[in-house]
Amino acid sequence: MFIVSIIAAIVALVATGLGIAESKQHRPEYGGFVATAVIAALVSAGLFAWSATYKQDEGESNVLRSFTGQIKEVDTEPGLSMKAPWVKAIPFDVRNNQINYEGLTFSDKNGTSGAMDLSLTYSLKPDMVDSIYKEYKTQGKFEAELVAKDVAATLRSVTPSFSNVEMMTKPTDVSAAMLTSLEQRWSEWGVTGVQVALGKPGYPDTITERLENLTAEQTRAEEAKAATVTAEEKAKQKLVEAKAEADANKLIEQSLTNSVLEQRRIDMLKSVGEKGNLIITDGEAQPLLNIDAKK
């Protein structure tokens, strides 16, 4: 834009000179030159202003590079900023970049080959994007030449530690192993916030069927184990309840002395008699007959 603005300025100057020359000779063509000069001057000013400003959004960082290729500075502050017209602002997205990979190949602990999809999320330290620019010039080239190759290579390097079944049932362990390796590899580039999400491994049909059957058996075994633990807990609870009940009965039995029992019998007879009932007893045993006096 800066070069175009210079060209427009030259056109404005030439048109102005021609217009002045034509006006001195009282030729009508001078009006066209004046109009051309005004338009060219406006275009030059607009392009100059455009080339001297740039907008930086949240989650973005710009490397400011001179026309000689020298890095002037790294801008990490969002907003509208000024720069020299001959300096170019090269943007980098530093927050939550997501890349999806399809059909990455691997070989597991059992020597079985397969393929899977993978989703990668990463961020960049805003003040370190100049190191990426120096080596790769653009973020797209950085992702294509470094990130993609490292992801594929890391997947192939960690999967030999996992069996068929572990690849199917423990994807978080595989992604954790990849995460550790990638974070170490990318720390020098200012890559942070790395997250790896793995898709379901794609094995040959015979392997997949066998693994699904094995997984189903493991699931049933785990459910049976959980049921056994639950039954044992219930049995323990019943034993505790039975012991508590036995202890309570023992305490009651110990507390029921002859005098206590006699007092309870007397209290019962008083309660029944207060309701107008007739009680026939031998005076020693429990009541033999209870007759409602009203009837």
Side-chain angles (χ1 to χ4, degrees), residues 1 50-67 69-83 87-108 114-162 167-168 170-202:
M1 293 298 174
W50 190 359
S51 63
T53 59
Y54 65 97
K55 181 182 178 182
Q56 184 162 284
D57 297 328
E58 289 282 353
E60 193 176 58
S61 185
N62 275 271
V63 174
L64 302 183
R65 184 206 67 190
S66 68
F67 70 94
Q70 181 183 4
I71 296 177
K72 307 300 292 183
E73 65 174 302
V74 176
D75 187 3
T76 61
E77 297 297 327
L80 190 65
S81 302
M82 301 291 295
K83 63 179 182 64
V87 171
K88 184 177 181 180
I90 303 171
F92 284 82
D93 192 348
V94 299
R95 185 184 301 172
N96 297 331
N97 296 280
Q98 183 172 346
I99 311 174
N100 297 317
Y101 300 98
E102 296 181 356
L104 296 180
T105 59
F106 66 89
S107 180
D108 61 28
M116 66 167 58
D117 297 340
L118 184 150
S119 179
L120 172 75
T121 303
Y122 78 93
S123 298
L124 296 172
K125 293 182 179 179
D127 57 347
M128 291 184 65
V129 295
D130 56 333
S131 62
I132 296 176
Y133 172 78
K134 290 176 182 178
E135 185 69 23
Y136 297 99
K137 304 307 180 187
T138 66
Q139 189 168 2
K141 195 174 180 182
F142 168 73
E143 292 179 350
E145 296 187 6
L146 178 75
V147 176
K149 292 180 180 179
D150 281 358
V151 167
T154 302
L155 178 64
R156 290 193 296 269
S157 68
V158 302
T159 51
S161 300
F162 297 89
M167 290 294 295
M168 293 287 290
K170 298 180 179 180
T172 53
D173 291 350
V174 182
S175 61
M178 288 192 64
L179 181 61
T180 300
S181 178
L182 290 174
E183 286 179 334
Q184 293 175 351
R185 171 71 179 90
W186 292 343
S187 60
E188 64 178 299
W189 300 104
V191 178
T192 184
V194 181
Q195 297 180 21
V196 177
L198 300 177
K200 184 178 180 180

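The first residue in the sequence is number 1, and the count goes up from there.
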Could you tell me if the ring centre of Tyr136 sits under 6.0 Å from that of Trp189? yes

Ile132 vs Gln139 side-chain heavy atoms within contact, under 4.5 Å: no

Would you say the side chain of Val158 lies within less than 4.5 Å of the side chain of Val174, judging by non-hydrogen atoms? yes

Which distance, rounded to the nearest 0.5 Å, do you find between the CD of Glu102 and the CG of Asp117? 5.5 Å

Mind checking whether Val191 and Leu124 have side chains closer than 4.5 Å, heavy atoms only? yes

If only side-chain N and O atoms count, and only distance matters, is there a donor-acceptor pair under 3.5 Å linking Ser119 with Asn100? yes

Look up atom CG in Asp75 and atom CD1 in Ile90, then write down how far apart they are to the nearest 0.5 Å. 13.0 Å

Contact between Ile99 and Tyr122 at the side-chain level, heavy atoms closer than 4.5 Å - yes or no? yes

As an exercise, state the distance from OG of Ser187 to CG of Leu182, rounded to the nearest 0.5 Å. 11.0 Å

So side-chain hydrogen bond (donor to acceptor under 3.5 Å, both in side chains) across residues 123-133, not counting sequence neighbours, yields Arg65-Tyr133

Pairwise side-chain contact, Arg185 with Leu146, heavy-atom cut-off 4.5 Å (strictly under): yes

Do Val129 and Phe142 come close enough that some side-chain heavy atom pair is under 4.5 Å? no

Are Glu58 and Arg95 packed together at the side-chain level, in the sense that at least one heavy-atom pair is separated by less than 4.5 angstrom? yes

